[in-house]
Amino acid sequence: MRSVRGAGGPAVASGAIAAVDIDPDTTKGWLRRLWPIVSAHRSLLAFGAACGVVALATQVAVPAVAREAIDAAGEGFGDRLRTLCILLGILAVARGLTGGAYRYLLFKLSLRIDSELRMIIQRHLGRLSFSFYDRSSSGDIISRANTDIRSIQILFAFAPMLGMAVLTFFLAFGLMLWIHVPLTFVALATLPVATLVGNRFRNRFLPLSWIIQGRSAEVAAVVDENVNGTRVVKSFAAERAEIAKLARAARRLQWASATSVDVRARYNPVLEALPRIAMGLVLLYGGWLAIDGQVSIGTLFAFGAYIIMLQLPFRMFGFIVMQSQRAAASAERIFQVLDAPPEITSAPGARILERAEGRLDFDDVTFAYGRGEGRSAVPVLDGFSMRISPGETVALVGPTGCGKSTVARLAARFYDAGGGAVRLDGQDVRDLDLDSLRRNVVVAFDEPFLFSVSLRDNIAFGRPDAPLDDVIGAARAAQIHDTVASLPEGYDTIVGERGYTLSGGQRQRIALARALLLDPAVLILDDALSAVDMGVEAAIGAALARRRAGAPTQLIAHRLSTISLADRVVFTEGGRVVATGTHADLMATHTSYVQVLADAEAREAETREAQTQTAETQVAEGRRRGDMDLATGGLPIIEGPVP
């Protein structure tokens, strides 16, 4: 069965991205900053408002017509009563149609705002640099992109109704003044008290809204880390500790939520009771006037109906105040993401690089993580210089923490060098268009990420329109084709979350095929074959030599089998290159190089032993439960670090 390409996966067309954006002026209020999104749907808003006004006019007209009808019935005017009843029927139909259209259009508008906000924040998250994600938790970002946007959508769905209710209030107030002035002021006797209580409610609820949104994000972050890191949690039997962590976060959220409930419980009943007190006063005074003959029964009925209309803003006020404060807090949290500037962008007039020759130079490069965050950062690279020529395969070797992966990140401009320059074909990468640079310099990481889509879509992530033959060619070069072809659905097989239904080596080879399909000018393998066994690695090396003849490849590695694929070895320590040459030359002249390889072999042996024990435990458990298919996810895990 073919998987659906582009349905929320990597193949989504860029045309689906919202064309509007928020107002960038941070001095404006949150509603004014969101106005460009609302104004993009002016016609929908105008038509909805027009329907609302008609519905409002018919609603306010009904008590006035009913008053005349009741008085006509009391005075025996049958023909006039019949006409007024027909008019009431017409008003009811008009009220139903326009009121329904008004609500439908409002909710449609709010949902469009919701969708566009989600696309705007997703677009901006795609622009943000690695440094933003280095200091942000995924759970907090997900909370802002979902829960916070939902709070804004709810407000936009219901706030216009309050606006119409307020307009109804003033129209009803005007008609009441026209009918009987003293009775009108009796009806509004509780309004000053309601205003005072509403202001106090808003002032107490706003800070609580901030706290609730922030602590909801804390809970989401804990859950997200446990879902994504479930294998680590289970491996260390840390379930109890993680449950305790979640319980602490949940208790903090519970306190804030309970406090907000307490505030609502104190103020909402008062806000809803005040209009009822006003109605009691109207009935008392109006009844006395009716007995005295100063007002008609129809007038008293109309006043009762208008009092109900006057109640509506009071009854909605508490909910709207609560939701508006929550939406304000949510909007500020969203703006904190949208206002975060991308640190890595294409310079104005940046050159678009079609196809690079592949000469990569690092000239006296210095770099430190955490620059500009108010603390002194330890340099990872300090005077690093290296050149890779077209057609050359270079292995970058060094002790842990010496900056090997940083070199890869600087080449693809995931970060900018603090000093010196990184050049591609003699041009500073900061002067090149970012997208075109990353099409020419592709990094395959040691911990590959696979999407929950088909294997074909994972390989074709960078080229969604790639024909199947090209996908198969890349998979053959990565030595993963036979494994994929042996699956019941072949390339249409849907992999699980992060691809964990595959072994580590299989995931790495899928990621390698994804990189090879792009045919980049420079391919960087950042320990990208660390989980592949040596026989498969040798076959991959031969395929790379054939497929990438004339194009440079940089290997970041510790394993001797990977280093053997290189034409030249660059040995780095302390953030700078200390030696370069063949593997045999460095083995003979640099004891530090020999020690690094020995330490790496020892760590790999320990890893193999631990994974062998884990695999044996899983097999034994699977046999005991009789669910071996579940243990492997239904896929043949045929290789990895375990022989």
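Just so you know, these numbers come straight off a predicted model, no measurement behind them.
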Asks: Is the shortest heavy-atom distance from the side chain of Leu111 to the side chain of Gln153 under 4.5 Å?
Replies: yes
Asks: Partners of Thr345 by side chain to side chain contact (heavy atoms under 4.5 Å, CB included), sequence neighbours excluded?
Replies: Pro342
Asks: Salt bridge between Arg409 and Asp416, side-chain N to carboxylate O under 4.0 Å?
Replies: no
Asks: Val193: what forms a side chain to side chain contact (heavy atoms under 4.5 Å, CB included) with it, not counting sequence neighbours?
Replies: Val197, Leu274
Asks: Is the ring centre of Phe107 less than 6.0 Å from the ring centre of Phe158?
Replies: yes
Asks: Would you check if Leu155 and Ser324 make a side-chain contact, meaning some heavy-atom pair closer than 4.5 Å?
Replies: yes
Asks: Could you check whether Asp526 and Ser405, counting side-chain N and O atoms only, form a donor-acceptor pair closer than 3.5 Å?
Replies: yes
Asks: Taking the side chain as every heavy atom from C-beta outward, state whether Tyr369 and Val380 have any atom pair closer than 4.5 Å.
Replies: yes
Asks: For a 4.5 angstrom cut-off between non-hydrogen side-chain atoms, does Leu106 reach Tyr104?
Replies: no
Asks: How about CZ on Arg266, more than 12 heavy atoms from neighbouring residues, nucleotides or ligands closer than 6.0 Å, or not?
Replies: no
Asks: Would you check if Leu128 and Tyr133 make a side-chain contact, meaning some heavy-atom pair closer than 4.5 Å?
Replies: yes
Asks: Does the side chain of Leu125 come within less than 4.5 Å of Phe132's, by heavy atoms?
Replies: yes
Asks: Regarding Arg215 and Gln254, do their side chains bring together a donor and an acceptor under 3.5 Å, going by distance alone?
Replies: no
Asks: Answer whether the closest heavy-atom distance between the side chains of Phe130 and Glu343 falls below 4.5 Å.
Replies: no
Asks: Phe185: which residues meet the ring pair (Phe, Tyr, Trp, His ring centres under 6.0 Å) condition with it, sequence neighbours left out?
Replies: none
Asks: Can you tell me if CZ on Arg430 sees more than 12 non-hydrogen neighbours from other groups inside 6.0 Å?
Replies: yes
Asks: Does the side chain of Arg423 come within less than 4.5 Å of Val429's, by heavy atoms?
Replies: no
